[in-house]
Amino acid sequence: MNEIIESVKNLSIGFNSQKGKQISILRNVSTDIKKGETVGIVGESGSGKSTLALAMMGYIKQGLFPLNGECLFKSEDLLKMSSRQLEKIRGRKIAMIPQNAGQALTPNLKIGYQIDEALRLHTDLNKLERDKKISELLNKVRLPSPETMAFRYPHELSGGQQQRVAVAMALAGKPDLLLLDEPTTGLDVTTQAHVLELLRIIAKDTGTSMIYVSHDLGAIAQVSDRIVVMYAGEIVLEGPARKILKEPIHPYTYGLLKSIPKLSLAGLPASMPGSQPQPGSIKEGCSFYDRCNLATDHCEKNSPDLKYIKELDTSVRCFNHKELINQNNNLQTSITKKSSNSEVIEVLKLKDVSISYAKQKFFDQLLNKISDQNPTVKDININIKKGETIALVGESGSGKSTILKSIAGLLKTKDGQIKFENNRILSSDLKMRNPNDLRAIQLIFQNPDESLNPNHTVEQILSQPLKLYFNLSGEELKKNIIDLLKKVRLGEFYMSRYPRQLSGGEKQRVAVARAFAAKPDIILCDEVTSALDVSVQAAVLNLLQQLKEDLGTTYVFVSHDLAVVRAISDRVAVLYQGRLCEIGPSQNVYKFPSHPYTEVLLGAVLEPDPDIKPKLVAEDIVEEKPPEKGCSFQGRCPRKIGDICNSEVPPWQIGENGNAIRCHINIDELASLQQ
Amino acid sequence: MLLLILKRIGLGLITLFIVSLITFVGVEVLPGDACTTYLEREAYGAALDACIKRLGLDVPAYERYLDWALNVVRGDFGYSLSGEMPINEVLGPRVKNSLVLASVSILIGIPLAIVLGIITALWRDKLPDIMISTVTIFSMTIPEFISATLLILIVAIWLGWLPGIVILPSDATFFELLSNIILPVVAISMIMTAHMARMVRSSVIQVMSSDYVQMAILKGVPYWKMVFRHVLPNALLPAINVVALTIAWLLGGVVVTEVVFNYPGLGRLVIESISNRDLPVVQALAIILASIYVGINLIADLMTLMLNPRLKSLQIRK
């Protein structure tokens, strides 16, 4: 059991900068992978974790090269092997499961061919045996109808199915070591939990060692025996999973764990100041010095070594780690939010809103009518109160972003009304809205890289709404921009910067500032933290909350992440296939009784705690269209009671906690079922 | 799928109909008509009347259009004024000559372009790429009338290996043409190959940096197998449309090259009939060139549809 399979020794990888300087991305990394063990490598983007994982297959990305050290696989250095030798190892001894299987499967080749290719390369089976093996593998990763699956093209499968195909392909060569590079990132919550479960079973059944690379401590916690924490290209903490997650003795890991929103905690997570240093800008001393609250003058000048602590079986790179021992109780704390105004003015009402993506037929187009009996979003009734944060949650395809676009006026509604302030009907066509309504509703997008014009400076970006809505110019304009930057905690000097010169968190702050520039009443947030690292996410969430408390803005917050929603929202609406399932105050939605779909979602959340296992109660089937009649969740519901679910739309039931649930099962019965 | 093909063919026919209308109307609204332009200073009195009668210009325009269009559909383009013979007889040998020139250039140029594009992409920034890329960029930037003239100067005049210009009649046989077209083919291929090789290069480079190629490497697929199974099918798909446009451009007559080498192809016929004010021939050429473009683009689109599984299932689902 203690046999070492792969050993990384003193590995540094870097590139030559344009100025001819050598810049390292990985710095003196050493770690061992034992047989049958699953090691989680965790770190935020830019920490070098993927570079490390790829180097463990002897693969160095173009432009990078190893500076020193070795990657010993069964005591042979992969970095010194010829490509002929590597071909014999890759896929056969070490196999890779990629991050985005949708892009990692060759689009013009059928699933069966791609698995067959791996079998042909790495086994001696003949054609007949290989065909049998392919359906065996597809069966093993629990894909539906494995016989026909082999004849499909990658784009014909859902994201979860593509990921399963990638797993099957990796298993084809019966490798000793599986490398997983963020294998569940980008998948839906329930799909993610199912894929992780599958990986855990495979690891247990085959005794394969796994290296699991992820930024998501929740996923890492579910699969890993041991965890390696990376920061700025170095290992800062390494030890048994339970120790790392429950008693982190490095300030970075400690902060990281604290910045993850948790289902059991209502308030906002604590954020860590600053951001990870870019490769090349790493100064002498400890690389975490700038962000560390334990730092002393000693840390500024001297860089700590990775020190093994025998009694904890943990290696840590920190001079002051002793201060963190026995501090673990503090991990379960959060910042309480100020409750929103008690005045109940309803600013925005969605009444019977339906939205359809169906293409208009020619004649309907003439009559300006949308004929779709089964629209993507149907019968949405939500009244949004002034100053509250209402969250729309659901998996991809739940219609949450669609509703947001309709409120913003970017998508026409099919039926129903959107009423704004004093029950005034808001046109669903952007061009028909008056400038003041346009100003009053602002949108923040998921990806600031795409929503900020790369050719504009921050000043230009922020001056546009100010000029458009308030006709500001000259000194006044500048003063306003500086004020806005101050609000989002960015200094004046950011005005002349371009988006590419900002970090992910800074860009999203600029996007937030741009939305607030219009002095809006309502801000629509579309997955605003999904593209950010955890520590940055916590900072943006805190910023949004602070601005709301100061300015009384109303947020409509769309997210797939239930823990984030728990942290920020006052009220939650759960959507499935464009239909509302449950709506209520967030502390109640997160408590039973719940709509069966909410129950499924809550069960699938991955918490950064090895003792909290996800509960998988429903299959992760992907439904392409909402059902024609009956309950929207009938196809996947684990608590389905019979024909009534297929034929009749369930009634709304109000629970004693004030959350409304749309289900045929009596709410009290649901409560006792879910105990 | 069949429905889709029919739909595309229908759209192509509509395009051709519109082109025919535009050319007809264009000729119609110009001051004067086929007779006055052709007869020039003699356009008066009996000669003009005779001409008008002969060409049937005395009937209303829409009737003439219908008549002309119906004849075109039947494959009869009418009567050339300058050649004093049916346009079909004028066109026949020219079409054949253009076909010969185009097909030889295509057969040599396109495979060469693809091979060069792949080589430059696979050895990116290495010696083969630097050498080939320099040459292709060079031949892309030199206009064809200069490169053609230089070719004549070096190969035909200094070395005397090949005839400098084509002095064959337009109805020469294929084999008679062959030795004469070497220089025109080289001149055309230089530009065409360079453009296409650059395109193939960037397409291959893009695919080489994709996630699925990295995955194939990490799966242990040997290099050349990866290139042929995972890279090329995906990289060459977008090239189909460029190839189609190039073929259409070649068939439509490469005017400059044909004029420099005095080659009796369609391109030179365009110039000649314009300078001879032979309006019926100009009309006929417009329709023929439009048909070539429409037809070849149609074939290219259908090929892309067939070869790209993603588009195929998308279309079928619709």
Side-chain angles (χ1 to χ4, degrees), chain A residues 50 53-54 56-63 82-111 113-122 151-157 162 165-166 169-170 172-173 175 179 181 359 624, chain B residues 1 4 7 10-11 118 120-126 129 201-240 303-318:
Chain A
S50 286
L54 289 174
M56 289 171 105
M57 288 190 89
Y59 184 84
I60 311 272
K61 275 207 174 135
Q62 222 177 11
S82 70
S83 51
R84 199 53 64 76
Q85 286 171 300
L86 282 170
E87 281 159 18
K88 290 266 166 345
I89 288 182
R90 289 174 181 162
R92 185 179 305 190
K93 305 279 185 210
I94 313 175
M96 169 86 162
I97 298 175
Q99 165 160 18
N100 190 338
Q103 276 160 30
L105 295 171
T106 308
N108 68 318
L109 299 175
K110 288 179 179 150
I111 300 300
Y113 178 89
Q114 301 200 39
I115 298 176
D116 191 41
E117 187 177 41
L119 288 171
R120 255 184 297 138
L121 290 167
H122 304 302
F151 300 100
R152 301 248 215 110
Y153 286 102
H155 69 275
E156 296 170 329
L157 312 185
Q162 289 169 339
V165 169
M169 205 160 82
L179 266 170
D181 189 3
K359 249 193 175 168
E624 288 201 344
Chain B
M1 195 67 192
L4 179 85
K7 215 166 132 188
L11 279 174
I118 294 169
T120 47
L122 297 183
W123 279 273
R124 186 186 177 185
D125 297 337
K126 304 244 168 65
D129 178 28
R201 176 179 185 268
S202 64
S203 180
V204 171
I205 285 176
Q206 198 195 343
V207 172
M208 285 293 279
S209 64
S210 71
D211 283 0
Y212 55 85
V213 168
Q214 183 185 328
M215 187 63 217
I217 296 172
L218 294 178
K219 212 164 116 182
V221 181
Y223 185 77
W224 286 108
K225 209 164 176 178
M226 174 205 72
V227 169
F228 283 108
R229 293 298 309 176
H230 295 264
V231 178
L232 292 188
N234 292 301
L236 296 183
L237 258 182
I240 290 179
M303 263 172 75
T304 324
L305 268 179
M306 304 277 199
L307 294 176
N308 191 342
R310 249 188 267 206
L311 288 174
K312 201 154 90 185
S313 50
L314 203 76
Q315 292 296 343
I316 288 168
R317 218 175 295 155
K318 272 185 190 164

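Keep in mind that this is a model prediction, so the values were computed, not measured. Each chain gets a letter, A, B and so on, in the order its sequence line appears, and its residues count up from 1.
- For A/K88, no part lies near chain B; criterion is any non-hydrogen pair under 4.5 Å.
- Proximity of B/R229 to A/T106: side-chain heavy atoms (C-beta onward) are nowhere separated by under 4.5 Å.
- Of the listed residues (A/R84, A/K61, A/Q103), the one with the most heavy-atom contacts under 4.5 Å to chain B is A/Q103.
- For A/R92, no part lies near chain B; criterion is any non-hydrogen pair under 4.5 Å.
- Of the atoms belonging to A/A95, not a single heavy atom falls under 4.5 Å from chain B.
- If you measure heavy-atom distances from B/L237 to chain A, you find no contacts under 4.5 Å at all.
- Chain B forms more heavy-atom pairs under 4.5 Å with one residue of A/K110, A/R120, A/E117 than with any other, namely A/E117.
- Taking 4.5 Å as the limit, some side-chain heavy atom of B/H230 sits within range of a side-chain heavy atom of A/L109.
- Using a 4.5 Å cut-off between heavy atoms, B/V221 contacts chain A through both its backbone and its side chain.
- There is no contact between A/L179 and chain B, counting heavy-atom distances below 4.5 Å.
- In this structure, the side chains of A/L121 and B/P222 come closer than 4.5 Å at one or more pairs of heavy atoms.
- Nearest heavy-atom pair across B/Y212 and A/P107 is CE2-CD, 3.4 Å.
- Between A/L86 and B/I217 there is no side-chain heavy-atom pair separated by less than 4.5 Å.
- For the side-chain contact (heavy atoms from CB on, under 4.5 Å) with B/K219, the qualifying choice from A/R90, A/Q114, A/M96 is A/Q114, the only one to do so.
- Counting non-hydrogen atoms of neighbouring residues, nucleotides and ligands closer than 6.0 angstrom, the CD atom of A/Q85 exceeds 12 such neighbours.
- Contact record, B/Y223 with A/E87: N-OE2, 3.5 Å, taken as the closest heavy-atom pair.
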